[in-house]
2 protein chains.
Amino acid sequence: MGTTRTPRASWIEQGLRALATGGPDAVRIENLAQSLGVTKGGFYGYFRNRDALLTEMLDTWEYEVSDGIIAQVDRAGGDARARLERLFLLVAEAADGPVRGITADLAVRAWARHDAGVAERLRRVDNRRMHYLRSLFSEFCTDTDEVEVRCLLAVTVRIGNHFHAADDGIRSRADVMATIRKRLLS
Amino acid sequence: MGTTRTPRASWIEQGLRALATGGPDAVRIENLAQSLGVTKGGFYGYFRNRDALLTEMLDTWEYEVSDGIIAQVDRAGGDARARLERLFLLVAEAADGPVRGITADLAVRAWARHDAGVAERLRRVDNRRMHYLRSLFSEFCTDTDEVEVRCLLAVTVRIGNHFHAADDGIRSRADVMATIRKRLLS
DNA sequence: CCCCTTCCATACGGTGGCGTACAGAAGAGC
DNA sequence: GCTCTTCTGTACGCCACCGTATGGAAGGGG
């Protein structure tokens, strides 16, 4: 059996990369092939068609950014605050990765706005994340309403911040975000 | 001079509607024509090409959601808190409009992630909005850092909330959002 | 009633991307 | 070196959409 020259995973990763930078309509098979240094000849040996690729891209994304990340955070142990800090850090430093990166996350969110299937996946991911956040915040917040507020803030501020294009004011955006993060953990 | 049957503004509005529901790649001329009950024959009498339409769509959007809304809020008068409440209300009730609606806003944000020209426009809009928010929050917040935090929260939570797909928890999303809004005005 | 302007329908060529077909290269195992 | 499998290059038909050209409808102004 000849060595797989450009394996299945290559197409998926390159697809996610294209999705992150150009949206779902930028996931063109001939385009991915060129980025991989081949032609589309081999593509249809792995995937039935373009939709099949999109599906598998979403499969890997869905796992990686929910159970994948949570498992990685839990593996390191520590109390709730330590895990939250570790989670924030992990999410920040994977920022430009093709799968767990924030750009892929945002691209999927934008995509979900006009594709029911993607919306359903995103719903699962966000539910899973919120469930995890609730469990962590509850460990040092007794008021359940306060827990809900902090969970929603943690998630929406992170997403909204990346869609927000304003320049820095007197304080830099990073500074303000750090202040907000500190308050969430108080 | 014959009455303009489907005027310039129709194409722009329908274009924004398509943008809001399907993203920029859904703004197909022949598609808009069908939605308007005509063919694309008349389109090229108004616009040089598809890009010209996109530009004009963004022009109207940019004005409406920045100076347009601000002027409408200021016209009603009142102190800073009253204006903020009015702003939040106005933004909420225009939610499904084709121009000022949140879906158009989100579509433009998603679009800006992979189009430099759109990103520049969005930057202008967000700077204008932040400037206005700062002026309002400063009137009852003495601490400038606190002003920055509230401005960023107001903007990012609103955006992030619409990109967030999780189901309601113990408290409904609307309830939690109301709590956050109340805190911002305290 | 006719003209004239404005808008619309239709047909056309051009382009880009999808999916298929098939032949050839590139190794692995013998 | 031969063969067999697997992957890749190339060519093709197809479709959606863009932008253009042109004839014709619709309605106001004289």
Side-chain angles (χ1 to χ4, degrees), chain A residues 1-60 98 107-108 110-111 113-118, chain B residues 1-60 107 110-111 113-118:
Chain A
M1 174 164 45
T3 303
T4 295
R5 280 160 275 183
T6 72
R8 208 184 176 70
S10 298
W11 292 98
I12 294 176
E13 183 179 323
Q14 195 66 33
L16 284 167
R17 214 182 297 272
L19 170 66
T21 61
D25 289 288
V27 183
R28 303 264 94 100
I29 296 171
E30 286 164 322
N31 203 27
L32 303 183
Q34 191 175 1
S35 300
L36 292 169
V38 295
T39 63
K40 65 181 173 178
F43 176 85
Y44 292 94
Y46 294 123
F47 306 93
R48 225 184 78 259
N49 53 23
R50 181 172 171 272
D51 273 341
L53 170 65
L54 295 177
T55 301
E56 293 211 30
M57 283 165 48
L58 288 168
D59 283 341
T60 64
V108 172
W111 189 4
R113 296 198 58 76
H114 51 88
D115 183 306
V118 178
Chain B
M1 172 165 42
T3 304
T4 295
R5 280 160 276 183
T6 72
R8 206 183 178 69
S10 299
W11 292 98
I12 294 176
E13 183 178 323
Q14 195 66 33
L16 284 167
R17 214 182 296 274
L19 171 66
T21 62
D25 289 288
V27 184
R28 300 265 97 97
I29 297 172
E30 285 166 324
N31 204 26
L32 303 184
Q34 192 175 1
S35 301
L36 291 170
V38 296
T39 63
K40 65 181 173 179
F43 175 84
Y44 292 94
Y46 295 122
F47 306 93
R48 223 184 81 258
N49 53 23
R50 181 172 171 271
D51 273 341
L53 171 65
L54 295 177
T55 301
E56 293 211 29
M57 283 166 48
L58 288 168
D59 283 341
T60 64
W111 189 4
R113 296 197 59 76
H114 51 87
D115 183 305
V118 178

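Residue numbers start from 1 in every chain, and the chains themselves are labelled A, B, ... in the order their sequence lines are given, proteins ahead of strands.
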- Among the nucleotides dT10(C), dG19(D), dG19(C), whichever has the atom closest to the side chain of Asn49(B) is dG19(D)
- Query: Are the side chain of Asn31(B) and the backbone of Gln34(B) linked by a donor-acceptor contact shorter than 3.5 Å?
  - Reply: no
- Taken to the nearest 0.5 Å, the spacing of Leu19(A) CG from Leu32(A) CG works out to 10.5 Å
- Task: Look at the side chain of Lys40(B) against the base of dG19(D) and say whether a donor-acceptor pair falls under 3.5 Å; ignore hydrogens and angles.
- Result: yes
- Separation of Leu36(A) atom CG from dT8(D) atom P, in whole Å? 9 Å
- Message: Less than 4.5 Å apart, side chain to side chain, heavy atoms only: is that true for Leu54(A) and Arg50(A)?
- Response: yes
- Task: Send over the distance from Arg50(A) CZ to dT20(C) P, rounded to a whole Å.
- Result: 15 Å
- Would you indicate what Gly45(B) reaches in the nucleic acid, counting non-hydrogen atoms under 4.0 angstrom: base, sugar-phosphate, or nothing? nothing
- Message: For Tyr44(A) and Gly41(B), find the nucleotide of DNA chain C closest to each by heavy atoms; which residue's nucleotide sits nearer the 5' end?
- Response: Gly41(B)
- Nearest-Å distance, CH2 (Trp11(A)) to P (dC7(D))? 12 Å
- Task: Among the candidates dC8(C), dG19(C), dG19(D), find the nucleotide nearest to the side-chain atoms of Ile29(B).
- Result: dG19(D)
- For the pair made of CG in Asp25(A) and P in dC17(D), what is the distance, rounded to whole Å? 12 Å
- Task: Look at the side chain of Glu30(B) and decide which nucleotide, out of dT8(D), dC8(C), dC17(D), has an atom nearest to it.
- Result: dC17(D)
- Message: Without decimals, in angstroms, what is the distance between Arg28(B) CZ and dC18(D) C1'?
- Response: 9 Å
- Candidates dG17(C), dC7(D), dC18(D) - which lies nearest the side chain of Tyr46(A): dC7(D)
- Query: Does Tyr46(B) offer a backbone N or O that forms a donor-acceptor pair with the side chain of Arg8(B) under 3.5 Å?
  - Reply: yes
- Query: How long is the line joining CG of Asp51(A) and C1' of dG17(C), in whole Å?
  - Reply: 14 Å
- Message: Rounded to whole Å, how long is the line connecting atom CG of Leu32(B) with atom P of dC8(C)?
- Response: 13 Å
- Message: Let me confirm one number: the OG1-CG distance from Thr60(A) to Leu16(A), rounded to the nearest 0.5 Å.
- Response: 5.0 Å
- Item | Spacing of Gln34(A) atom CD relative to dT8(D) atom P, expressed in whole Å | 16 Å
- Message: Check this one for me: any side-chain N or O of Thr39(A) less than 4.0 Å away from OP1 or OP2 of dT10(D)?
- Response: no
